[in-house]
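We name chains A, B, ... by the order of the sequence lines, and we start the count at 1 in each one. It should be emphasised that the depicted structure is a prediction, and the values quoted were computed from it without experimental measurement.
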Amino acid sequence: MLEFKNEIEEKVKELLDVDRPVSLETPSPERGDYALPCFDFASLLKKAPDVIAKELVQKIDLKRGDVEQSGPYINFSIDTSYLVENTLKSCLEGTFGRFPHKDESVIIEHTSANPNAPLHVGNARNPIIGDTLARIYRRLGFDVITEYYVDDMGRQVAILTWALDNIREDDLPEPDYNKPDHEMARYYQHASSMVEKDDEVLGAVQSLIQRMEEGDEEVIEAFIDYSKKVLEGHKDSLARLNIFQDSYKTESSLVLDGEVKKTVDELRESKVCGDEDGALYLPIGDDRIFLTRSDGTSLYPARDIAYHIWKSRRADRLIDVLGEDHKSHARIVKKALESLNISPLPSFIFYSFVSLEGEKMSTRSARSVWLDELMDNAEERAKEEILTRRDDLQPDQIEKSAREVGMGAVRFNIIRVQPEKHMDFRWEDALNFQGSSAPFVQYTHARACSILRKWGGDEEILKEQDGSLLDHESEIKLVKTIAKYPEVLLDSMENSAPHLMAKYAVTVASEFNLFYRDCPVLQGDEKTVSRLSLVKAYKEAISIILDTLGISAPEYM
RNA sequence: GGGCGUGUGGCCUAGUCUGGAUAAGGCGACAGCCUCCUAAGCUGUAAGUCGGGGGUUCAAAUCCCCUCACGCCCGCCA
């Protein structure tokens, strides 16, 4: 399909001899697969749009498709038997949706949550966007490293450290979960409110920060140690979402190995910075961003700049997934990197915050839904659903399927929304497994598996099918939709828009459901084998599409 | 106050970058479809001034200006 599109674009460009990019649109299906409105060329060629369309249609000759004029529009339709044969082949041979390896690497930084509390559904948006994006880049042939930047030297960790050394566990509530992040969050939350009320506690926390800055080994060790424990909790939660990071970089390592100091020195010499009482700052418009305190110790922006310099040595592209609260900060970091002639510069993908049933979510006020809690509820709900409709599955099959469906539902519910849009988390929506949801898509995979299981033949013979007997509208539409995958993949990457992949998954699944309704497979007639090959092809394709979203494809549910 | 972002049927969202042929899905509501490959499915109905106002254009949800609402940021915190 992508080939066909590219061919049209090239031919049109050549025939009209124009520089401007030819942008094709997708018309309603009965008109064709792609359409070109000719209004744009009217002023250029000094002819009426429908005349241009008419002339162009006569001249254009496509290898694998038809051209038709419709007033000022030209509609292009691909040769369906060619498309069917090729799409089936690529799915069945395992080449579907696989782009050639690019000699280009990208580091996608995501999650990078403060190591003071468990992940909640608000910051869960970050890993889900980041991991999905990573999967999209991998499919497109990039070498991808996903990285978690561990902020183990910040104020939040200082508060946590003070709390662990000064608060008795007896004074704290039971943890929500027996995981290190939940256990330690109790200390943090308790201390956090003390810091606000009690100046003595505030002073103690500040002195911890001071000692850490001065290189006090005992304090630094405590910071690193405690944040590591919280991080272990984050890793466990992420693993349940099928998210595994390739690399973890701690802020402390950048400070301890002198990387930060080196960067600060370079910035000081670069003349782009100002100096006030020994504190180094970067002028941005009328504002200034401080990089160091007047005692010379580094501030977060300086460390972040150092981190990005370190990253830039390791890849051709850098992408950071960040909450919208980091927007202005990130742009400043980028500006600083630019002035130091660092390449590649990072590009950012910002996501908006998640509110909870209409109200603001916050870890400190405990107005949040833990990711672990959401996962548990989703799995529990999935299990209930399975139990109401299946009585033929073994307990371990039920557990496995419930995990797959629950995890998918959570990921999908979050990735389906464009990152920059606000999200309001509602239990009702998150646990709704109908319509536009992961279970809807997964269900079609289970159905396809079920058909193949019931048939019971050797699936190898399906690979020989060319699909020439597939001519029903629902069959053709399903194949066409499957064949759109590479376009969606490219679109998602180019626009940093992973939600498009979620949208697409639902579209393909809907087409499968229509095929399922209109075209009975196991009728034992002459179409059975052709249709089985389409079912098998769909099963392979939807597995890959779900995998792009990090969602697994259950064999039964 | 300044900067950035968002505003599409009762609710959630796609489409906005790159303006085009009747504004697309889902949830909820209502009415139907399991003697037939899993009904987590399918079909139909009701429901829309694309926040509001101006402008550009043959053509605006989409581009420009103004305005309103909401979110985020504006620390020698991170």
Side-chain angles (χ1 to χ4, degrees), chain A residues 20-25 27-28 31 35-40 42-43 49 70-73 75 114 151 153-158 209 251 276-281 285-295 297 299-301 303-304 323-329 331 350 352-353 355 360 382 385-386 388-390 392 405 409 413 416-418 420-424 426 428-429 432-444 446-455 494-495 497 499-500 502-503 506-507 509-510 512-514 516-523 531-532 535 556-557:
Chain A
R20 74 177 66 184
V22 174
S23 60
L24 294 174
E25 52 188 70
S28 54
R31 297 182 194 275
L36 177 72
C38 296
F39 303 94
D40 259 3
S43 60
S70 169
Y73 293 86
N75 296 317
N114 257 318
D151 180 14
M153 303 210 85
R155 184 187 149 92
Q156 323 256 24
V157 176
I209 295 173
E251 190 176 15
E276 188 179 79
D277 305 329
L280 195 67
Y281 67 85
D286 293 334
D287 276 332
R288 20 158 98 164
I289 302 304
F290 281 89
L291 300 170
T292 69
R293 300 189 178 86
S294 30
D295 64 7
T297 56
L299 290 162
Y300 172 71
R303 300 185 209 143
D304 213 15
E324 62 176 339
D325 54 335
H326 284 73
K327 234 183 240 184
S328 34
H329 165 74
R331 283 177 187 153
F350 297 108
S352 223
F353 282 148
S355 53
K360 197 170 162 171
E385 292 289 332
I386 295 164
T388 61
R389 61 195 85 218
R390 300 293 296 256
D392 57 330
V405 171
N413 184 245
R416 56 181 251 273
V417 181
Q418 195 184 328
E420 49 272 19
K421 292 225 185 186
H422 304 265
M423 273 192 80
D424 188 34
R426 294 221 166 86
E428 192 194 333
D429 295 338
N432 184 352
F433 294 172
Q434 296 171 333
S436 185
S437 70
F440 174 91
V441 180
Q442 291 173 312
Y443 185 59
T444 62
R447 270 181 158 177
C449 290
S450 177
I451 292 172
L452 292 168
R453 223 180 290 128
K454 198 149 267 185
W455 169 60
E494 282 163 3
N495 297 301
H499 67 287
L500 297 178
K503 186 91 187 157
V506 170
T507 308
S510 301
F512 181 79
N513 281 330
L514 297 185
Y516 183 90
R517 180 196 65 189
D518 296 335
C519 306
V521 178
L522 302 175
Q523 297 276 80
R531 286 181 172 168
L532 276 166
V535 170
Y556 38 78
M557 57 188 274

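Between B:A39 and A:R447, a contact under 4.0 Å exists linking OP1 or OP2 to a side-chain N or O. Contact annotation: A:Q418 side-chain N/O to B:G15 OP1/OP2 distance is under 4.0 Å. A sub-4.0 Å separation between OP1 or OP2 of B:C77 and a side-chain N or O of A:R293 is present. Distances shown here put every side-chain N or O of A:H329 at or beyond 4.0 Å from the OP1 or OP2 atom of B:C72. In this model, the phosphate group of B:C72 is approached by a side-chain N or O of A:K360 to a distance below 4.0 Å at OP1 or OP2.
Electrostatic pairing of A:D295 and A:R293 does not count as a salt bridge here, judged by no charged N lying under 4.0 Å from a carboxylate O. A salt bridge is defined here as a Lys NZ or Arg NE, NH1 or NH2 lying under 4.0 Å from an Asp or Glu carboxylate O, and A:D424 with A:R426 meets this definition.
Look at the C1' atom in both B:G51 and B:G71: the space between them is 15 Å, to the nearest Å. Rounded to whole Å, the separation between the C1' atoms of B:U35 and B:C30 comes to 28 Å. Annotation: B:G9 and B:G48 have their P atoms spaced 10 Å apart (nearest Å). Atom C1' of B:G52 sits at a distance of 11 Å from the matching atom of B:A69, rounded to the whole Å. Rounded to whole Å, the P atom of B:G2 lies 23 Å from the corresponding atom of B:C63.
Across all strands shown, B:C76 remains unpaired; no Watson-Crick or G-U wobble contact has both distances below 3.5 Å. In this structure, B:C34 forms no base pair with any nucleotide, since neither Watson-Crick nor G-U wobble geometry is met with both distances under 3.5 Å. Using N1 to N3 plus N6-O4 or O6-N4 for Watson-Crick, or N1-O2 and O6-N3 for G-U wobble, each under 3.5 Å, B:A29 pairs with B:U45. With both pairing distances under 3.5 Å, B:A69 is matched to B:U6 as a Watson-Crick or G-U wobble pair. Using N1 to N3 plus N6-O4 or O6-N4 for Watson-Crick, or N1-O2 and O6-N3 for G-U wobble, each under 3.5 Å, B:C50 pairs with nothing. With a cut-off of 3.5 Å on both pairing distances, B:U57 has no Watson-Crick or G-U wobble partner at all.
Across the protein-nucleic acid pair, A:L514 atom CG and B:A39 atom P stand 14 Å apart, rounded to whole Å. Rounding to whole angstrom units, OH of residue A:Y300 and P of B:C73 are separated by 13 Å. Following rounding to the nearest Å, A:M423 (CE) and B:U13 (P) show an atom-to-atom distance of 8 Å. Spacing between atom CZ of A:F39 and atom C1' of B:G19 amounts to 11 Å, rounded to whole angstrom units. Across the protein-nucleic acid pair, A:D325 atom CG and B:G71 atom P stand 15 Å apart, rounded to whole Å. Taking atom CD of A:Q434 as the reference point, atom C1' of B:C12 lies 15 Å away to the nearest angstrom. One interatomic measurement links the two molecules: CG of A:N413 to C1' of B:U13, which rounds to 11 Å at whole-angstrom precision. Across the protein-nucleic acid pair, A:D40 atom CG and B:C63 atom P stand 16 Å apart, rounded to whole Å.
A:Y516 and A:F512 have tilted rings, their planes meeting at an angle from 30° to 60° on a 0 to 90° scale.
In B:C34 the O4'-C1'-N dihedral to the base is within 90° of 0, which defines a syn nucleotide.
Minimum atom distance to the side chain of A:R331 is reached by B:C4, of the listed B:A78, B:G25, B:C4. When the nucleotides B:C27, B:A14, B:G41 are ranked by their closest atom to the side chain of A:N432, B:C27 comes out on top. Considering only the side chain of A:E324, B:C72 comes nearest among B:C76, B:U13, B:C72. Here the side chain of A:E25 is nearest to one of B:A21, B:C76, B:A78, namely B:A21. The side chain of A:R31 sits closest to B:U22 out of B:G25, B:C4, B:U22. Here B:G7 is the nucleotide among B:G41, B:G7, B:U43 with the atom lying nearest to any side-chain atom of A:K421. When distances are taken from the side chain of A:V521 to each of B:G25, B:A39, B:C37, the shortest belongs to B:C37. Taking only side-chain atoms of A:N513, from C-beta outward, the nucleotide of B:C37, B:C42, B:C76 with the closest atom is B:C42. Relative to the side chain of A:E428, the nucleotides B:C37, B:C27, B:U43 differ in distance, and B:C27 lies closest.
Each of A:F433 and A:S328 lies near RNA chain B, and the nucleotide nearest A:F433 is the one positioned closer to the 5' end. When each of A:P520 and A:G154 is assigned the nucleotide of RNA chain B bearing its nearest heavy atom, the one mapping closer to the 5' terminus is A:P520.
Base contact: A:M557 has a heavy atom under 4.0 Å from a base atom. The residue A:L500 sits close only to the backbone: its heavy atoms come under 4.0 Å of sugar-phosphate atoms, none of a base. Residue A:F353 is classed as a sugar-phosphate contact, given heavy-atom separations below 4.0 Å to backbone atoms only. Counting any heavy atom pair closer than 4.0 Å across all strands shown, A:C519 reaches a base atom. Nucleic acid contact for A:D424: none, since no nucleic acid atom lies under 4.0 Å from a heavy atom of the residue. Counting non-hydrogen atoms under 4.0 angstrom, A:N75 reaches a base of the nucleic acid. A:E420 comes within 4.0 angstrom of sugar-phosphate atoms only, judged by non-hydrogen atoms across all strands, and of no base. When heavy atoms are screened at a 4.0 angstrom cut-off, A:A35 is found touching base atoms of the nucleic acid. Residue A:V405 is classed as a base contact, given a heavy-atom separation below 4.0 Å to a base. Base engagement by A:S28 is indicated by at least one non-hydrogen atom pair under 4.0 Å involving a base atom. In this structure, A:Y516 reaches the bases: a heavy-atom distance under 4.0 Å links it to at least one base atom across the strands shown. Within 4.0 Å of A:F440, counting heavy atoms only, lie sugar-phosphate atoms of the nucleic acid but no base atom. At a threshold of 4.0 angstrom between heavy atoms, the contacts of A:Y556 include nucleobase atoms, whether or not backbone atoms are also involved. Within 4.0 Å (heavy atoms only), A:D304 reaches no atom of the nucleic acid at all.
On a pure distance criterion of 3.5 Å, no polar donor-acceptor pair joins the side chain of A:H422 and the base of B:G7. Between the side chain of A:R303 and the base of B:A78, no donor-acceptor pair under 3.5 Å is found. Side-chain N/O atoms of A:S294 and base N/O atoms of B:C76 include a donor-acceptor pair closer than 3.5 Å.
Pairing each heavy atom of A:I289 with each of A:P301, the nearest pair is CG2-CG, 4.0 Å. Between A:M557 and A:A446, the closest heavy-atom pair is CG-CB, 3.7 Å. The shortest non-hydrogen separation linking A:Q442 to A:V405 is OE1-CA, 3.5 Å. For the residue pair A:L532 and A:L452, the shortest heavy atom distance occurs at CD2-CD2, 4.0 Å. Contact detail for A:N114 and A:Q156: the closest heavy-atom pair is ND2-NE2, 3.0 Å.
Atoms CG and OH, on A:D392 and A:Y556 in that order, are 10.5 Å from each other to the nearest 0.5 Å.
A side-chain contact (heavy atoms from CB on, under 4.5 Å) with A:S510 holds for exactly one of A:T507, A:L514, A:V506; it is A:V506.
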